[in-house]
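Below is one structure, written out as structure tokens, with a few remarks after it.
Labels below follow one simple rule: chain letters A, B, ... track the order of the sequence lines, proteins then strands, and each chain is numbered from 1. We use all heavy atoms of the structure for the numbers below, so side chains are in, but hydrogens, waters and symmetry mates are not.
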Amino acid sequence: MAHDSIQLPCGGDGACMRCKVTPPTEETLTCSICAAPWHVGCLASKPETLASTLQWHCPDCSGDPLLPPSVATDGSSSELFVAIKAIEADESLTEKEKARKRQELVSGRVEEDGGNGKGESSVLDVLDESLNCSFCMQLPDRPVTTPCGHNFCLKCFQKWIGQGKRTCAKCRSTVPPKMASQPRINSTLVSVIRMAKLSKSNAAAGPLKVFHFIHNQDRPDKAFTTERAQKAGKANAASGKIFVTVPPDHFGPITAENDPDRNQGVLVGECWEDRLECRQWGAHLPHVAGIAGQSNYGAQSVALSGGYEDDEDHGEWFLYTGSGGRDLSGNKRTNKEQSFDQKFEKMNEALRVSCKKGYPVRVVRSHKEKRSSYAPEKGVRYDGVYRIEKCWRKVGIQGFKVCRYLFVRCDNEPAPWTSDEHGDQPRPLPAISELKKATDIFERKESPSWDFDEEGSRWKWKKAPPPSKKPANAADLKEGKRTRKAIRHSRKLSTRERLLKVGNKKQ
DNA sequence: GGGCCCGCAGGG
DNA sequence: CCCTGCGGGCCC
């Protein structure tokens, strides 16, 4: 082997910059400090034991090519490295699984097993954070606890000791000889993990699935502006914390179970200052768009703010126009002029799905709905649940085709603009003749898909209950996207910085 | 009150 | 990544 005075790592293409050959994985060493890959064959000095490869420092980082591998200075990166090596060494995993686990490690995100664990247990999350075995990154199997308070699987720990190590793999404290020779399983921890796992599986099977927005806890209680938002005020604000625990694709009312803060749910008639605040209570999540939905799944909510002239609002029922058909190029973000036909696609299709399936749609009204007497005086108000009785396309008053929807109120709470004359009784629907007159093509076909139960006080699904599961892939995609976005966002401005910024603004 | 402009959020 | 979106503040 030629020993040039300059040692070089592998380049971006994976090829060794010295011999130009792309070494196989087993001939590649990754520096535990800078994570750069190096071709073992071209190294002047190689680590001698498996253990020392785990904490190997490259010539660039060690500053001395002959320096023997020593205690890592950067605990986190070396832990990551150890964990990745552990994954790679695990023969029970396929290459695909290994790749996924590595990805999870690097991204700091652990996917829920089987895809059915979306009702994640916060208890277990906390455990995941603090109790994981530093070697395999899983909840420890037969956990042993060092005097310094770190937990490992018995097997992982024994393997480590077998390599001649006498320090804690997490904090580098010395492991007492007695513990090294005879590690004891921490039985308290065993039962804690068992209980947590049990509660997790119960939560996954139970009817109450609580969903937490990723990184939601990092958000302040009020809307905030980021560094990039240049003007003061809320025009460019990012929204604050979401207070309710319903998933973004939750249909129907938001009940007390999903309102941990107040334990009352979002009440019909509840008002907020603006769309950003409305979003925080989950009634309508998009802070500009009028329709919340997914074209292959349904629409969860709409916002009325009087954007279309031929919309009609009669309180108990109203006509709604779909989105699109307007030229929004340049900065005309809210151009009112139609310039082409709307089609049943994207959000319009989402509304159509909700119509066909009979899903309930939450409705919020904004004070901007100037032509309507049902609009709130100011801010945004939650007006309960409607169903879309019919949807169709017609030529709008601007000469282009628009998607139209007939919304009919079907909430068992009284509307905010009425006295509760019906008490606990189901609220009667608007007279069909009245609707027919207004829509001129309205015809009622079948009975609605959902209704109230015998007592008239609870939801009951007659035909098409709202999907209990999230749409395949779509939800996962969404979570993944959020995560990636959150990561990107946190790079731009850390949570701490953001909070500080909000704090400064208040002063 | 209308136009302009900004950036966030999320679907696709 | 790109595009869209019934916000919201500010300036005229």
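- For C:dC6, its base sits under 3.5 Å from the side chain of A:Asp311 at one donor and acceptor pair at least.
- Under 3.5 Å, the side chains of A:Gln300 and A:Gln294 contain a donor-acceptor pair of N or O atoms.
- Closest contact between the side chain of A:Ala238 and the listed nucleotides B:dA9, B:dG7, C:dG8 involves B:dA9.
- Regarding contacts with the backbone of B:dG7, every side-chain N or O of A:Thr225 stays at 4.0 angstrom or more from both OP1 and OP2.
- Across all strands, A:Arg326 comes closer than 4.0 Å only to sugar-phosphate atoms, never to a base (heavy-atom distances).
- At whole-Å resolution of the value, CZ in A:Arg275 and C1' in C:dC6 are 6 Å apart.
- Classification of the A:Tyr374-A:Trp417 ring pair by plane angle, with boundaries at 30° and 60°, yields perpendicular.
- In this structure, the ring of A:Tyr359 has its center no less than 6.0 angstrom from the ring center of A:Tyr386.
- Using a 4.0 Å heavy-atom distance criterion, A:Thr321 is classed as a base contact.
- Within 4.0 Å (heavy atoms only), A:Leu304 reaches at least one base atom of the nucleic acid.
- To the nearest angstrom, C1' of C:dG7 lies 13 Å from CD of A:Glu273.
- In this structure, A:Tyr320 has its ring center at least 6.0 angstrom away from the ring center of A:Tyr308.
- As a whole-Å value, the separation of A:Gln338 CD from C:dC6 C1' is 12 Å.
- Regarding contacts with the backbone of B:dA9, a side-chain N or O of A:Arg219 is found under 4.0 angstrom from either OP1 or OP2.
- The partner of C:dC6, taking Watson-Crick or G-U wobble pairs whose two distances both stay under 3.5 Å, does not exist in any strand shown.
- When the nearest nucleotides of DNA chain C are assigned to A:Tyr320 and A:Lys234 by heavy-atom distance, the more 5′-ward of the two goes with A:Tyr320.
- Checked against B:dC8, C:dG7, B:dG12, the side chain of A:Asn236 finds its nearest nucleotide in C:dG7.
- To the nearest angstrom, P of C:dG5 lies 16 Å from CD of A:Glu349.
- Listed here is the closest heavy atom pair of A:Val244 and A:Ile254: CG1-CG2, 3.9 Å.
- Between A:Ser239 and B:dC8 there is no side-chain polar atom (N or O) within less than 4.0 angstrom of OP1 or OP2.
- Atom CG in A:Asn348 sits roughly 11 Å away from atom P in B:dG12 (whole-Å rounding).
- Comparing A:Lys370 and A:Gly240 against DNA chain B, the residue whose closest nucleotide sits nearer the 5' end is A:Lys370.
- Among the heavy atoms of the strands, none lies under 4.0 Å from A:Ala292.
- Residue order along DNA chain C, read from the 5' end via each residue's closest nucleotide, puts A:Lys346 first among A:Ser366 and A:Lys346.
- When rounded to the nearest whole Å, the span between NZ of A:Lys368 and C1' of B:dG1 equals 12 Å.
- A:Ile291 places its CD1 atom 12 Å from the P atom of C:dG7, with the value rounded to the nearest Å.
- A:Trp281 carries A:Arg262 over the face of its six-membered ring, with the cationic atom under 6.0 Å from the centre and within 45° of the normal.
- When rounded to the nearest whole Å, the span between CG of A:Asp327 and C1' of C:dG5 equals 14 Å.
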